[in-house]
Amino acid sequence: MDYSPAGVETWDAIRARRNVRQFTDRPISKEDVDRILEAGRRSPSAMNQQSWDFVVVTDRKQLQELAKVFRGAFHVATSAATVAIVVPETDDPHSRELIWFDLGQVTMSMMIAAADSGIGSGHASVVDQDLARKILGHPNDHTAALLIAFGYPADRPLAPLKTPNRRPFDDVVHRDHW
């Protein structure tokens with residue numbers, strides 16, 4: 001598979017990425033979905049454990065059901081594709097911390113890859129694990145950790161944000177000490 005860049009610079013994709021909660025009906029090509037998944041697969045992983053599996057859902061009825069796993073996942077219902085990131089369950093606190101650390105990295109890798117192609121994204125938690133397991137079919141010793149909904153934004157195309165809603169740079173950055 002060739003996953004050559006779609007033409008957007010990385011910095012522009014980072015500045016354009018925002019949480020999208022309303023999507024158009026436009027489908028995402030298989031090539032774009034696979035590129036997003038490949039970005040996730042290539043994400044850094046603590047001790048290179050790669051403790052993730054991805055379940056891609058594009059069927060509209062399944063997406064509508066999947067949106068019910070958490071009240072904040074309503075946008076999944078109208079997405080073109082949603083990726084469930086499934087991880088092994090563990091009672092070991094250290095392993096759990098590493099898995100959650102990796103989840104942040106894999107999520108941002110996928111979201112930036114999507115933004116690079118003009119595809120919006122929005123993440124959501126999974127509260128109802130029984131419903132998620134019924135829809136996704138993952139094994140009982142795994143958990144659907146989170147969902148990332150993908151689609152083309154309904155309100156406006158992705159573009160670098162000139163004034164992001166973020167704390168001022170100098171309030172966030174401390175050099176050499178607090």
Side-chain angles (χ1 to χ4, degrees), residues 1-58 63 66 72-76 78-87 97-126 144-178:
M1 291 186 202
D2 178 23
Y3 295 106
S4 336
V8 175
E9 294 294 324
T10 303
W11 183 237
D12 286 343
I14 290 169
R15 293 182 305 135
R17 200 222 62 81
R18 59 185 165 86
N19 286 334
V20 176
R21 301 283 190 237
Q22 295 179 326
F23 302 101
T24 68
D25 289 337
R26 180 179 166 193
I28 301 172
S29 73
K30 181 187 180 311
E31 294 76 23
D32 281 339
V33 171
D34 286 351
R35 187 168 184 250
I36 291 166
L37 293 165
E38 179 66 6
R41 188 183 74 85
R42 289 177 175 242
S43 295
S45 172
M47 297 172 24
N48 203 28
Q49 290 185 35
Q50 304 172 52
S51 298
W52 52 63
D53 285 277
F54 309 135
V55 180
V56 185
V57 178
T58 57
L63 289 166
L66 195 56
F74 61 90
H75 57 289
V76 166
T78 61
S79 68
T82 290
V83 174
I85 303 177
V86 178
V87 298
E97 285 178 19
L98 294 180
I99 289 170
W100 282 99
F101 179 79
D102 287 355
L103 284 170
Q105 295 188 93
V106 73
T107 300
M108 278 308 295
S109 291
M110 287 187 182
M111 290 176 134
I112 290 171
D116 189 52
S117 296
I119 298 167
S121 59
H123 55 288
S125 296
V126 178
L146 55 93
L147 307 173
I148 310 171
F150 296 100
Y152 293 95
D155 58 349
R156 65 188 189 281
L158 294 182
L161 300 173
K162 292 179 179 26
T163 55
N165 184 9
R166 292 287 178 253
R167 293 171 41 210
F169 185 87
D170 290 336
D171 288 356
V172 175
V173 177
H174 309 274
R175 300 189 191 270
D176 296 326
H177 62 88
W178 189 275

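The model shown is predicted, which means the values in this text are computed figures rather than measured ones. In this chain, numbering begins with 1 at the start of the sequence shown.
- In this structure, Q22 places its CD atom where only 12 or fewer heavy-atom neighbours from other residues, nucleotides or ligands lie under 6.0 Å away.
- Considering every non-hydrogen atom in both A80 and L63, the closest pair reads O-CD1, 4.3 Å.
- S45 places none of its side-chain heavy atoms less than 4.5 Å from the side chain of Q105.
- Taking both residues in full, the closest heavy atoms of T24 and A154 are given as CG2-CA, 3.7 Å, listed atom of the first, atom of the second, then distance.
- No side-chain heavy atom of W52 sits less than 4.5 Å from a side-chain heavy atom of I99.
- Interatomic distance, OG of S79 versus CD1 of I148, reported as 11.5 Å (0.5 Å rounding).
- In terms of heavy-atom proximity, A114 sits nearest to I36 at CB-CD1, 3.7 Å.
- Taking CZ of R21 as the reference point, atom OG of S121 lies at 9.0 Å (rounded to 0.5 Å).
- Here the shortest heavy-atom pairing between A16 and L158 reads O-CD2, 3.6 Å.
- With rounding to the nearest 0.5 angstrom, the CZ atom of R41 is 11.0 Å from the CG atom of D34.
- More than 12 heavy atoms of other residues, nucleotides or ligands lie within 6.0 Å of CG in N48, so this atom counts as buried by the packing criterion.
- Between L37 and M110 the shortest side-chain heavy-atom distance falls below 4.5 Å.
- Looking at every heavy atom in both residues, T82 comes nearest to V76 through OG1-CG1, 3.5 Å.
- Once rounded to the nearest 0.5 Å, the distance linking CD1 of I28 with OG of S117 reads 9.0 Å.
- Closest approach of A46 and D102 over heavy atoms only: N-OD1, 2.8 Å.
- Proximity of a side-chain donor or acceptor of S109 to a complementary backbone N or O of V106 within less than 3.5 Å is not detected.
- One finds the CD1 atom of I119 at 4.0 Å from the CG atom of D32 (value rounded to the nearest 0.5 Å).
- A 4.5 Å side-chain heavy-atom check between I112 and D116 finds every atom pair outside the cut-off.
- Put simply, CG on D171 and NE2 on H174 are 8.0 Å apart, with the number rounded to the nearest 0.5 Å.
- Checked by atom type and distance alone, the side chain of H75 pairs as donor or acceptor with a backbone atom of G122 at under 3.5 Å.
- Salt-bridge formation is not detected for the pair R35/E38: no Lys NZ or Arg NE/NH1/NH2 atom is positioned less than 4.0 Å from an Asp or Glu carboxylate oxygen.
- Counting heavy atoms from C-beta on, the side chains of V33 and F150 never come closer than 4.5 Å.
- Between H123 and N19 there is a side-chain heavy-atom pair separated by less than 4.5 Å.
- V86 places none of its side-chain heavy atoms less than 4.5 Å from the side chain of F54.
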